[in-house]
Amino acid sequence: MPSAATSSDVTGLPGGDRFVPDHALFALPATEIAPLLLGGLLTHETDAGAVVLRITEVEAYLGDGTDPGSHAFRGPTARNRVMYGPPGHVYVYFSYGMHACANIVCSPAGAASAVLLRAAEVIRGEALAQSRRGAVPARDLARGPARLTVAAGIRLDENGADLLAAPFGLELQRRPPEPATGPRVGVSGLGGGAGYPWRFWIPGDPAVSAYRAATRRGARAPRRQQPTRD
DNA sequence: TTCCTGATTGACT
DNA sequence: GTCAATCAGGAAG
């Protein structure tokens, strides 16, 4: 169990038996860290103010070469180098040409495991999150990995930042809720399906993203061709 | 160097 | 339910 003994209450929110984890906790494998994050409070502060999220859904990705769904499956690259760094830091990556998604680096440095933050509930800074996300229902503000980063104001240039130091902050529940588990969302091939039930969420929580299996886009319109001159 | 794929989302039918 | 937007990473040649 983590050594942090007292709840310094970085969020100032009342209630809950919570503690501030230290970096040593994140040296555990991602599959062990992931369920511990459920119900935890993630704070991110910018000049515009702070947003506090209650984490409702996460996914674990291993970097030991056995997880084909992991960005680290093929070894270190410029993009995933943060995954190979010290645990307890934030790995933010650019996805689908338009979205940023946030992970927490787990396991000892070099192991390249991470936990993807898939969904959360905004419990403080709702107006700020609304200003970033537009007029959407409160439960949808951070329901989805890209939505979560937008609502919290997490930027790509914060890739590699320490999750346990400003502008971030994290409090975990001493007794996290019993998680539901299932296949990871959008992970195709061997990395998805029942063989990798490393998606964890709070059962019945409205701020959990909908499951979407990996989709292949074989029927998509032809890609833009180089213009032909004639 | 070229081309395809993807840990997504929101608009549209 | 389907589909397009958009770009970095990585495989293939």
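In what follows, chains are A, B, ... by sequence order, proteins preceding strands, each numbered from 1. Everything quoted here is computed from the prediction, not taken from an experiment. Because only heavy atoms are used, hydrogens play no part in the values below, and waters and symmetry mates are left out as well, while side chains stay in.
A cation-pi arrangement is found for A:R184 relative to A:Y61, the charged atom lying closer than 6.0 Å to the ring centre and inside a 45° cone about the ring normal.
Looking at A:D162 and A:H23, their side chains do bring a donor and an acceptor atom within 3.5 Å of each other.
Looking at residues two or more places apart in sequence or on another chain, you find a side chain to side chain donor-acceptor pair (under 3.5 Å) between A:R54 and A:E121, A:D205. A:T46 is linked by a side chain to side chain donor-acceptor pair (under 3.5 Å) to A:R132, counting only residues two or more places apart in sequence or in another chain. For the side chain to side chain donor-acceptor pair (under 3.5 Å) test, no residue two or more places apart in sequence or in another chain qualifies with A:S131. Applying the side chain to side chain donor-acceptor pair (under 3.5 Å) criterion to A:S209, with sequence neighbours excluded, gives A:E57, A:R118.
A ring pair (Phe, Tyr, Trp, His ring centres under 6.0 Å) check over residues 125-148 of chain A, counting only residues at least two apart or in different chains, returns nothing. Within the structure, side-chain hydrogen bond (donor to acceptor under 3.5 Å, both in side chains) pairs that include any residue of residues 149-158 of chain A comprise A:H44-A:E158, A:R155-A:D157 (at least two apart or interchain).
Between the CG atom of A:L62 and the P atom of B:dA7 there is a distance of 15 Å, rounded to whole Å. For the pair A:I154 CD1 and B:dA7 C1', the interatomic distance rounds to 15 Å; values are reported in whole Å. In this structure, CD of A:E57 is placed 11 Å from C1' of B:dA7, rounded to the nearest angstrom. One interatomic measurement links the two molecules: CZ of A:R184 to P of B:dT8, which rounds to 11 Å at whole-angstrom precision.
Between the CG atom in A:D17 and the CZ atom in A:R175 there is a gap of 8.0 Å [rounded to 0.5 Å].
Using a 4.0 Å cutoff on non-hydrogen atoms, the parts of residues 133-152 of chain A near DNA chain B are A:R133, A:G144, A:P145, A:A146, A:R147, ordered by number. Against DNA chain B, the stretch residues 109-116 of chain A makes heavy-atom approaches under 4.0 Å through A:L116. Shown for residues 98-107 of chain A: residues whose heavy atoms fall under 4.0 angstrom of DNA chain C, namely A:M98.
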Just the table, please: protein N/O against nucleotides 9-13 of chain C N/O, every pair under 3.5 Å.
residue: C:dG10; atom: OP1; partner: A:T77; partner atom: OG1; Å: 3.4
residue: C:dA11; atom: OP1; partner: A:R74; partner atom: NE; Å: 2.7

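B:dA7 and C:dG1 have their C1' atoms separated by 22 Å, given to the nearest Å.
Side-chain N or O atoms of A:T56 include one that pairs as donor or acceptor with a backbone N or O of A:A207 at under 3.5 Å. The main-chain N or O of A:S107 is never found under 3.5 Å from a side-chain atom of A:S113 such that the two would form a donor-acceptor pair. A distance-only check finds no donor-acceptor pair linking the side chain of A:N103 to the backbone of A:V105 [under 3.5 Å]. Under the 3.5 Å distance criterion, the side-chain polar atoms of A:R81 are left unmatched by any main-chain donor or acceptor of A:T77.
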Subject >> Watson-Crick or G-U pairs under 3.5 Å in DNA chain C, rendered as dot-bracket with [ ] for crossing pairs and | for another strand >> reply: |||||.||||||.
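Looking at every heavy atom in both residues, A:F26 comes nearest to A:I33 through CA-CD1, 3.8 Å.
Stacking between A:Y96 and C:dA5 is absent: the aromatic ring centre is not both under 5.5 angstrom from the base six-membered ring centre and within 30 degrees in plane angle.
Cluster partners of A:V150: none. The rule joins Ile, Leu, Val, Met, Phe, Trp and Tyr whenever side-chain heavy atoms lie under 4.5 Å apart, and it links nothing here.
For the side chain to side chain contact (heavy atoms under 4.5 Å, CB included) test with A:P179, the passing option among A:L37, A:L38, A:I202 is A:L38; the others fail.
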